[in-house]
Amino acid sequence: LNNKFMPCGTMDRFFSELPYHYPIYGCQPSSLNRLQEKTVYNLVEETARISGVESGPVKADVIWTENGPVILELAARFHGDVNTAFVTPLATNSNPIKGWFAFLSGMADPMNFLKNDIIQYSGWAALTSSKEGTLVSISGQDKALTINGIEEIFISKKNGDYIKVPADTTALCGFIWATASNREELLEVLNIARSEIHFLIN
């Protein structure tokens with residue numbers, strides 16, 4: 001904002017086993033310590049400035065190696081609805097999207113939405129089907145929503161859609177978002193909820 005870099009949070013993202021490598025789970029805050037996170041922020045800011053991004057959102061996909069952080073991708077956009085619109089507000093009580101629109105409109109102080117204080121763990125899990133074919137029905141969403149910690153469930157497929165066996169992101173059937181007091185509890189809540197949702201495939 002106004003040529004000032006505003007850190008908005010880091011999160012871990014986990015992928016399926018090889019030979020495929022599709023996203024299955026994400027969590028904020030990340031497992032980086034404060035020094036590592038600061039190093040990542042410095043690298044992202046430097047890369048954004050070199051790329052000419054002086055105003056607006058920027059996100060980076062980074063891996064931490066034995067030699068430090070390596071940027072895989074940097075883009076002038078938010079991380080999207082899975083992370084920025086859901087996980088970050090739940091984890092930090094801040095909202096970068098609202099902050100950006102407040103800045104654009106001039107109707108509010110964007111800093112009101114960019115506190116970036118970690119208040120709890122938040123994350124998402126991808127929904128997939130182990131069977132390929134035509135989707136007949138989906139069950140278990142209502143029961144999954146009653147589980148303590150579950151915040152939202154989104155199903156992207158509808159009856160009659162062709163469902164693939166997971167190999168890439170086109171096979172994802174939806175997402176679950178949850179909050180918890182620690183990472184282990186968060187993953188347990190997500191897995192319990194995911195086990196309740198069933199895709200009947202013909």
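All heavy atoms count here, side chains included; hydrogens, waters and symmetry mates do not. Since we're looking at a predicted model, the values are computed, not measured.
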Search all heavy atoms of V189 against all heavy atoms of A178 and return the closest pair with its distance.
-> CG1-CB, 4.0 Å
N/O donor-acceptor pair under 3.5 Å between Q36 side chain and N33 backbone = yes
L1 side chain near L114 side chain, heavy-atom distance below 4.5 Å = yes
Between P69 and V40, which heavy-atom pair has the shortest distance, and what is it?
-> CB-CG2, 3.9 Å
Check the angle between the aromatic planes of W100 and F103 and answer parallel, tilted or perpendicular using the 30° and 60° thresholds.
-> parallel
Contacts of type salt bridge (charged side-chain N to carboxylate O under 4.0 Å, His left out), residue K157, not counting sequence neighbours = none
Of the non-hydrogen atoms in V44 and L74, which two are nearest, and what is the gap between them?
-> O-CD1, 3.8 Å
Is there a path of hydrophobic side-chain contacts, each under 4.5 Å between heavy atoms of I, L, V, M, F, W or Y residues, that connects I119 with L186?
-> no
Can you say whether the rings of F86 and W177 are parallel (under 30°), tilted (30 to 60°) or perpendicular (over 60°)?
-> parallel
For N202 and V136, indicate whether the former's side chain and the latter's backbone hold a donor-acceptor pair under 3.5 Å.
-> no
Please check if the side chain of S137 supplies one atom and the backbone of L200 the other of a donor-acceptor pair under 3.5 Å.
-> no
F14, CZ: over 12 other non-hydrogen atoms inside 6.0 angstrom | yes
Begin with the C-alpha distance, continue with both residues' side-chain angles, and end with the deciding distance and a verdict on side chain to side chain contact (heavy atoms under 4.5 Å, CB included) for T39 and W64.
-> CA-CA 10 Å; T39 303; W64 189 275; 4.3 Å; yes
Looking only at heavy atoms, which two atoms of F199 and C173 are closest? And how far apart?
-> CZ-CB, 3.5 Å
Heavy-atom count around Y20 OH within 6.0 Å, excluding the residue itself: above 12?
-> no
Hphob cluster co-occupancy, I163 + F175, side-chain heavy atoms under 4.5 angstrom | yes
The reported gap from CD1 in I155 to CG in L172 (rounded to nearest 0.5 angstrom) is 11.5 Å
Where do A108 and F113 come nearest, in terms of heavy atoms and distance?
-> CB-CE1, 4.2 Å
Distance, nearest 0.5 Å, that separates CD of E46 from CZ of F5 | 11.5 Å
Is there a path of hydrophobic side-chain contacts, each under 4.5 Å between heavy atoms of I, L, V, M, F, W or Y residues, that connects L32 with I118?
-> no
For atom CG of N159, decide whether the heavy atoms of other residues, nucleotides or ligands shown that lie under 6.0 angstrom number more than 12.
-> yes
Sequence-distant partners of Q141, side-chain hydrogen bond (donor to acceptor under 3.5 Å, both in side chains), two or more places apart | none
Would you say I192 and Y25 are hydrophobically clustered, going by side-chain heavy atoms of ILVMFWY under 4.5 Å?
-> yes
By side-chain hydrogen bond (donor to acceptor under 3.5 Å, both in side chains), R49 pairs with (sequence neighbours left out) N3, E45
Mind listing the closest non-hydrogen atom pair of A193 and A144 along with its distance?
-> O-CB, 3.8 Å
Could you tell me which residues satisfy salt bridge (charged side-chain N to carboxylate O under 4.0 Å, His left out) with E196, sequence neighbours excluded, listed by chain and number?
-> K143
Answer yes or no: does atom CD of E132 have more than 12 heavy-atom neighbours from other residues, nucleotides or ligands under 6.0 Å?
-> yes
Mind checking the CG-CG spacing from N93 to D117? Nearest 0.5 Å is all I need.
-> 8.0 Å
Any donor and acceptor pair, going by atom type alone, linking the side chain of Y41 with main-chain N or O of G9 inside 3.5 Å?
-> yes
Using side-chain hydrogen bond (donor to acceptor under 3.5 Å, both in side chains) as the criterion, list what pairs up with Q120, not counting sequence neighbours.
-> none
Pairwise distance OG(S129) to CD1(I201) - rounded to 0.5 angstrom | 4.0 Å
Linked, directly or transitively: I150 and V82 (ILVMFWY side chains, under 4.5 Å) | yes
Euclidean distance, I24 CD1 relative to L127 CG, rounded to 0.5 Å = 12.5 Å
For the pair I138 and I197, evaluate side chain to side chain contact (heavy atoms under 4.5 Å, CB included) and give the outcome as yes or no after the intermediate values.
-> CA-CA 7 Å; I138 309 166; I197 299 176; 4.1 Å; yes
Nearest 0.5 Å, what's the CZ-CD distance between R183 and E188?
-> 15.0 Å
Residue pair S30, E37: steps toward the side chain to side chain donor-acceptor pair (under 3.5 Å) verdict | CA-CA 9 Å; S30 73; E37 188 174 57; 4.6 Å; no
For residues 65-87, the side-chain hydrogen bond (donor to acceptor under 3.5 Å, both in side chains) pairs (sequence neighbours left out) are K59-E73, N83-W124
